[in-house]
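Have a look at the structure below before the remarks.
Quantities reported herein were computed from a predicted structural model and do not represent experimental measurements. In the text below, chain A, chain B and the rest are named by the order of the sequence lines, each starting its count at 1.
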Amino acid sequence: MSYTLPPLPWAKDALAPKISQETIEYHYGKHHQGYVNKLNALAKGTDLKKKSVEEIIKTEKGKAYNLAAQIFNHTFYWQSMGPGCGGEPTGKLAEAINASFGDFASFKKAFTTAAGTHFGSGWAWLVKNGDKLEVCATHDAGCPLSDGKVPILCCDVWEHAYYVDYRNARASYIEAWWSLVNWKNAEAKL
Amino acid sequence: MASAESDAFELPPLPYNKRALEPAISEETLNYHYGKHHAGYVRKLNALADGTPLAKKTLEQIIKTETGKAYNLAAQIYNHTFYWNSMSPNGGGAPRGNIKQCIERSFGSFENFKAQFTTAAGTHFGSGWAWLVRDGDNNLKIIARSDAGNPLSEGLVPVLTLDVWEHAYYIDYRNGRGDYINKWWGLVNWDHANKQLAPSSKY
């Protein structure tokens, strides 16, 4: 199996000015692409290449895990956002959020806190854990698939995700992320 | 809000002006890295420590005895100060003095040491620091640590450090961490490293 970089769901300037084309060019074109290249290099001539990205996440550790998880996480991140998105969820997802968090505002606060206070590189996630929705933060390449949870939404809080556009102001970036959230994609993951 | 006079922890001044490390490290980077990140850790530790026994500890004591948020903040304050001091506008070139002999003894040659340190800094995954340290047997070692990881917690003596958190290089190099590390060699402050090796040195 040769690992490939999935195409972005939208044009590189689609999220500008909240997330600039320059950021997407580096984040997708260098970081995300880089993980794909490195996993191909690592897997070459080994049994690793028989595994899918998700299988590697569920069964491997160390470098293989980091690379596969980062490929998955970034693909999921692009899908979590879109132009003309944002606002609040409706329908099944809104009901699920209310059932698990009380109301949207409480969920938003929990997610914003998880994303804003995470120390070091990592990700903030909305996940389904059995019947419940939960907010969690993972460190470095951490992917909730490893814990048997179902990812619904994610926000990248590695500094490369926001430093071009926001410098150290992670909170402003997270605020921008809320205006880009693709609720339709998230509902489909439930 | 605590007044400046009652703050237990202070942001030490930079050892040089904000343009001193250009073009390797820009003034803009120093404005953010020192003025926002480093200053932010000081502000947050003061907020955490204010009115608690933590305020009576030194940074080193916190690093050696605490975990979690207190450790992260104290270590990051220490790490950044050590990083500024590990560089100099007059730095770079080959090591001189005691550090030269120590590097040759522990690594065989400066070239070997440079290659290994470059690899450690270049391949570290996630946020963190590459350190040259002295261990209990008086040998120099290279270690890379994630996030706020500081060698004092392991009973090691820090000699040099290089910040590989993305905020250290993203303004000037974007994802080009290798270029950043390359330029850092032109700034290494061997005088500071020699001071760390002196038996009576206390950082």
Side-chain angles (χ1 to χ4, degrees), chain A residues 20-39 41-42 60-71 73-74 113 116-123 137-143 156-173, chain B residues 26-45 47-48 66-77 79-80 119 122-129 144-150 163-180:
Chain A
S20 65
Q21 176 167 334
E22 185 188 352
T23 289
I24 301 296
E25 280 169 353
Y26 279 102
H27 202 172
Y28 176 76
K30 302 283 184 186
H31 291 273
H32 196 181
Q33 177 73 73
Y35 291 125
V36 173
N37 296 345
K38 284 176 191 166
L39 185 60
L42 184 70
E60 299 280 340
K61 297 183 309 197
K63 192 169 182 183
Y65 176 90
N66 285 342
L67 296 174
Q70 286 293 82
I71 293 169
N73 295 346
H74 281 92
T113 300
T117 61
H118 184 71
F119 183 75
S121 304
W123 304 79
T138 59
H139 196 55
D140 292 341
C143 178
D156 189 348
V157 294
W158 282 63
E159 287 174 326
H160 64 244
Y162 57 91
Y163 222 79
V164 172
D165 300 323
Y166 297 93
R167 296 292 188 261
N168 65 306
R170 196 197 297 180
S172 302
Y173 156 71
Chain B
S26 67
E27 177 178 20
E28 187 189 352
T29 290
L30 287 190
N31 280 332
Y32 281 101
H33 203 173
Y34 175 76
K36 301 284 184 185
H37 292 274
H38 196 182
Y41 290 125
V42 174
R43 193 182 62 247
K44 285 175 191 166
L45 186 58
L48 184 70
E66 301 279 342
T67 57
K69 192 169 182 185
Y71 175 89
N72 284 342
L73 295 174
Q76 284 294 80
I77 296 170
N79 295 346
H80 282 92
T119 298
T123 59
H124 180 73
F125 184 77
S127 305
W129 302 79
R145 290 294 177 266
S146 288
D147 305 329
N150 179 296
D163 190 347
V164 294
W165 282 63
E166 288 173 326
H167 64 243
Y169 58 90
Y170 222 79
I171 290 173
D172 299 323
Y173 299 93
R174 293 292 186 261
N175 65 308
R177 196 198 296 180
D179 285 339
Y180 159 68

If you count heavy-atom pairs within less than 4.5 Å of chain B, which of A/His27, A/His139, A/His31 leads?
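The answer is A/His31.
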
If we define contacts as heavy-atom pairs under 4.5 Å, which of A/Asn168, A/Asp140, A/Val164 has the most with chain B?
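Highest number of heavy-atom pairs under 4.5 Å: A/Asn168.
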
For the atom pair CG (B/Leu73) and CZ (A/Phe119), what is the distance rounded to the nearest 0.5 Å?
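Answer for the CG-CZ pair, B/Leu73 versus A/Phe119, is 7.0 Å.
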
Would you give the length of the straight line joining atom CZ of A/Arg167 to atom CG of B/Asn31, rounded to the nearest 0.5 angstrom?
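CG of B/Asn31 is found 11.0 Å from CZ of A/Arg167.
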
So do the side chains of B/His37 and A/Glu159 get within less than 4.5 Å of each other, counting heavy atoms only?
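With C-beta onward as the side chain, the pair touches.
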
Shortest non-hydrogen contact from B/Ser127 toward A/Ser121:
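What the structure gives for the nearest pair is OG-OG, 2.7 Å.
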
Portion of B/His167 that has a non-hydrogen atom of chain A nearer than 4.5 angstrom:
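Backbone plus side chain of B/His167, per the 4.5 Å heavy-atom cut-off to chain A.
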
Region of A/Ala169 in contact with chain B, defined by heavy-atom distances below 4.5 Å:
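Neither; nothing under 4.5 Å.
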
